[in-house]
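Only one structure is covered here, and it is reproduced in the block below.
So you know, we letter chains A, B, ... as the sequences are listed, proteins then strands, and number each from 1. Note that this is a predicted model, so its numbers are computed, not measured.
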Amino acid sequence: MLSAIWETEGLQTVGIVVLVFASIKLLHLLGLISFSEDSVEDELELSTVRHRPEGLEQLEAQTSFSRKELQILYRGFKNECPSGVVNEETFKDIYAQFFPQGDASTYAHFLFNAFDTDHNGSVSFEDFVMGLSILLRGTIQEKLNWAFNLYDINKDGYITKEEMLDIMKAIYDMMGKCTYPVLREETPRQHVEVFFQKMDKNKDGVVTIDEFIDCCQNDENIMRSMHLFENVL
Amino acid sequence: MATAAWLPFARAAAIGWMPVANCPMPVSPMDNSKRQDELIILNVSGRRFQTWRTTLDRYPDTLLGSSEKDFFYNEDIKEYFFDRDPDAFRSILNFYRTGKLHYPRQQCISAYDEELIFFGIIPEIIGDCCYEEYKDRKRENIERLQDDQEENKDMKLPHMNFRETMWRAFENPHTSTMALVFYYVTGFFIAISVITNVVETVPCGSTANQKDMPCGERYTVAFFCMDTACVMIFTVEYLMRLFAAPSRYLFMRSVMSIIDVVAILPYYIGLVMSNNEDVSGAFVTLRVFRVFRIFKFSRHSQGLRILGYTLKSCASELGFLLFSLTMAIIIFATVMFYAEKGSSSTKFTSIPASFWYTIVTMTTLGYGDMVPKTIAGKIFGSICSLSGVLVIALPVPVIVSNFSRIYHQNQRADKRRAQKKARLARIRISKSGSTNTFLHNKRNGLLNEMLELTDTEEDEQKRTKSTSLLQSQHHHLLHCLEKTTAHEFVDEQMYEQNCLETVLQTYPSPSPSISSSVGTCCGRRVKKNTPLPNASLPSTYPVPSNQCPLQELSAIHIQCGDPSSHTASRSNLNLKTNESGRINCKGGRITTAIISLPSPPALTPDADGLRGPPQRRPLQPPGHPAALSIQTTTSSAGTNIVKVSAL
């Protein structure tokens, strides 16, 4: 008698529905199907890199800043980057605040690479202060060296036209769109040509460090402007 | 370690090992710096905290415990000065004192996090009493930030390949018209499919020799075609989504894809199995699954998604509800069965038969098809209905509050998204304000230099150093950038005018007045370049020989109106005219014209400078040499400027 009841369509339907749901649940339990659309995983937060700088005395010895100046620098540094290191994103944000009209991110990228002397992807306070020490208190030779290092993107000791073009485009990008006279496509390229004509003495298409320093030392304008920012701190 | 205070004790107690030691003991480290324990003053934004040095030394890998605090030492007042929030500092200092970090509940989570990062303390140290609260608030904050970031990602449109564009179109139908069309078409077909399923079973009028049959059996072909069409659309949609998904494996595991599959699978199974008689019963059952197509609407409706999410998050409450109901049903069914066993012709034939009565009574439905007849049965029946109300009423508020929380979260997210545009616009305006101050100060600075040139005493005193040192240094930086690139910053209006006038110069204009009047604005602009610190005024002006990139323009904007004050000749040191250097343009007439692009001829600079605003010689076609007179259109004529757009 039961079989007669079971053969009715209705119970068949119930049976099949229950079967399907059970299989789905089984698949879910097995982890093949996920029901959560946005899974809020309790993942371990990225451990923030924390860096403690060297002692004040050591930094004082290694750079040409006084104690007070180092304190001022550190306060400003730590305010922007409480964890003690700057990564490239933060660096770009900070730098872009000074050039609201244009796009400072490319140039900030090159600057970051110039400051990050050990190429570990972050600029610690020591890197920062060493760089500043050269730029503000260094000799002309050191400053020119630093500038050469900035232009030489792949750090192979030669500035090629492509590298210079990248740097030049980055600088012009910072000007933004609304300039007078209007920026054209070839302006950076022309500027690079002028630069190479001046610097590349043996016309081999690259500028070496000696050519660079030589030429800059012979140029009065450049020499004068190297002393421009000495009273920054 | 807080136990650092007990270290002397542990070391002293080591005397106990000495008699049994095998080898001689190592030399103990010398404590050269016999520093007395001293009080340290920590000045946090004016509030002075004092503590022992050894308290801070307990945690040497934090800012206060290491030599890093020397960076903040002020030798004049012999204090450590921190420019931070004194209220938050209290909990941080308490951490050093007690060894436990507490999270103050009224503090904002991100402010607290920043303080922790500043002082070099990892948040995991937060004590158990406050850790839950901290984690909850942190998760909420992260979700909110993620929401905002997703919005930003929607705005940015880097070059995406076809696949990514398709996926984005699927996920967010408002991105493009095609996506919107697709969205509505699929919605329409889902509705059609569901309606078809419903109408199939309605009895459709009978033919003469047959009884009433449902429409599905009468118009089999029509319904079959409709069904096929819907399933085609759904299959195509599913395959497209599968193709476009960034991670196909993840996509196949998601709920929506399962619903899609369950919606279209019965059709294909039906195609395969339709000839086999044995399983035709099951085939009919498969039709039930077609109703799942209605769940495909959850992609189209956010309310459905919220409901589903609520049910999912209240799964435990629902489970409890089900479990307690089952327990109660079994108890009461058993009691009713035995109570009613005695009475004759009773409907309570077995315990499973009483289940139906119990369910109907506990949910207060009361159909009345089964009623107890004995007194004991009636008593137990009433107890059953009262307890039913209680059992059901208990978990329901939990579910309701969950739903309300999720719903309000969504509302807030929507509101934030709507307000975001206004916020960003306001931020942009304030940012442009800062560039405007630079240009403003530049003009002031140039005027100051001009005053220096004229070297009058009174004028020097008029020069007010109104800008702060920081601002003037920032402006100096921007000025250096200008000098590096030999280009100057201008504001939007000037830029557009410059572009306009360079374009105008490439096209020979029918009436000279137009070009010359436009030339005045740029002419005036050119004049501003010339006051260099050295007093020699060059007679030629920097020629913008570069063509404006708008050369292949499709529209030129020329604005109507009278240029307000053109009377700024060089000898006139009236500051006001230089300041109001904008053309006050209002209105305009618009005509359309087709502009062909001639090759741009070179500009000839104006050689005469000192007589009023320099003009650009309007370019004339070679046949009109006589029109080379320089027209000094100063403030007078309301020159009509025409907006021309090329087709």
Side-chain angles (χ1 to χ4, degrees), chain A residues 7 9 12-13 15-17 20 24 27 31-38 40 42 45 47-48 50 52-57 67-68 70-71 73-75 78-79 82-84 98-102 125 168 171-172 174-188 191 225 228 232, chain B residues 61 63 66-68 70-75 83 114 117-118 120 122 135 139 143 250 253-256 258 262 281-282 284-286 288-289 305 309 312 431-432 434-435 473-474 477-478 480-482 484-492 494-495 498-499 502 525 529 542 544 546-549:
Chain A
E7 268 164 23
E9 253 178 40
Q12 242 182 348
T13 314
I16 292 185
V17 169
V20 169
I24 289 185
L27 286 175
L32 292 172
I33 304 178
S34 67
F35 278 136
S36 51
E37 294 267 352
D38 33 346
V40 181
D42 271 323
E45 289 117 24
S47 57
T48 41
R50 260 170 256 273
R52 189 131 294 110
E54 301 175 12
L56 203 46
E57 291 81 18
R67 229 179 140 85
K68 273 221 158 57
L70 281 173
Q71 281 183 338
L73 280 173
Y74 188 68
R75 274 210 300 271
K78 191 133 169 111
N79 247 342
S83 59
F98 295 111
F99 301 98
Q101 272 201 327
F125 183 61
M168 205 58 80
I171 295 181
Y172 275 90
M174 287 200 286
M175 290 291 295
K177 189 180 59 129
C178 302
T179 58
Y180 178 80
V182 177
L183 270 182
R184 297 178 299 158
E185 275 296 314
E186 5 4 310
T187 318
H191 203 148
S225 52
L228 196 55
V232 156
Chain B
D61 56 347
L63 185 151
S66 65
S67 61
E68 195 180 340
D70 294 336
F71 281 100
F72 299 91
Y73 186 64
N74 190 334
E75 267 123 13
D83 204 5
E114 273 178 26
I117 294 179
F118 183 86
I122 49 175
K135 269 291 175 213
R139 195 169 355 130
E143 278 177 13
L250 272 180
R253 284 174 51 173
S254 69
V255 181
M256 291 311 302
I258 294 179
V262 168
V284 170
T285 310
L286 280 180
V288 166
F289 284 97
R305 275 203 297 268
Y309 189 60
K312 194 167 28 113
K431 260 174 78 167
S432 71
S434 72
T435 46
Q473 285 179 343
H474 184 205
L477 178 66
L478 290 175
C480 287
L481 182 61
E482 287 185 339
T484 309
T485 55
H487 287 66
E488 289 191 7
F489 286 112
V490 298
D491 49 14
E492 289 268 347
M494 291 290 191
Y495 172 68
N498 291 345
C499 277
T502 38
R525 186 74 193 81
N529 285 339
N546 44 342
Q547 311 301 332
C548 179

Subject >> Derivation of the side chain to side chain contact (heavy atoms under 4.5 Å, CB included) call for A:L73 and B:F71 >> reply: CA-CA 9 Å; A:L73 280 173; B:F71 281 100; over 6 Å; no
Between [X] and [Y], what is the shortest heavy-atom contact and its length?
{"X": "B:S67", "Y": "A:G55", "result": "OG-CA, 4.2 Å"}
{"X": "B:T485", "Y": "A:I171", "result": "CG2-CG2, 3.8 Å"}
{"X": "A:F98", "Y": "B:L477", "result": "CB-CD2, 4.4 Å"}
{"X": "A:Q71", "Y": "B:Y73", "result": "NE2-O, 2.7 Å"}
{"X": "B:H487", "Y": "A:T187", "result": "CE1-CG2, 3.5 Å"}

**OP:** Please look at A:K68 and chain B and tell me whether the side chain, the backbone, both or neither of the residue comes under 4.5 angstrom of a heavy atom of that chain.
**Re:**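 Looking at A:K68, just its side chain touches chain B.
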Original post:
Do other residues, nucleotides or ligands put more than 12 heavy atoms under 6.0 Å from the CD atom of A:E185?
Top reply: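 Counting other residues, nucleotides and ligands, CD of A:E185 stays at 12 neighbours or fewer.
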**OP:** Report yes if the side chains of A:R75 and B:D83 come closer than 4.5 Å at any heavy-atom pair, otherwise no.
**Re:**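 Not in contact.
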Original post:
With B:F289, which residues qualify under ring-ring contact (aromatic ring centres under 6.0 Å, His included), at least two apart?
Top reply: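 Applying ring-ring contact (aromatic ring centres under 6.0 Å, His included) to B:F289 gives B:F292.
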Subject >> Separation of A:T179 OG1 from B:L481 CG (nearest 0.5 Å) >> reply: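 Here the rounded value is 10.5 Å.
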Original post:
So, does B:E482 use its side chain to make a donor-acceptor pair with the main chain of A:M175 at under 3.5 Å?
Top reply: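 No.
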**OP:** With a 4.5 angstrom heavy-atom cut-off, could you sort out which part of B:S66 is near chain A: side chain, backbone, both or neither?
**Re:**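 The side chain, not the backbone.
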**OP:** Let me know if B:L478 has heavy atoms under 4.5 Å from chain A in its side chain, its backbone, both or neither.
**Re:**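 Contact with chain A involves the side chain of B:L478 alone.
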**OP:** Could you pull out all residues at least two apart from A:E57 that satisfy side-chain contact (heavy atoms from CB on, under 4.5 Å)?
**Re:**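 side-chain contact (heavy atoms from CB on, under 4.5 Å) check on A:E57 returns A:R67.
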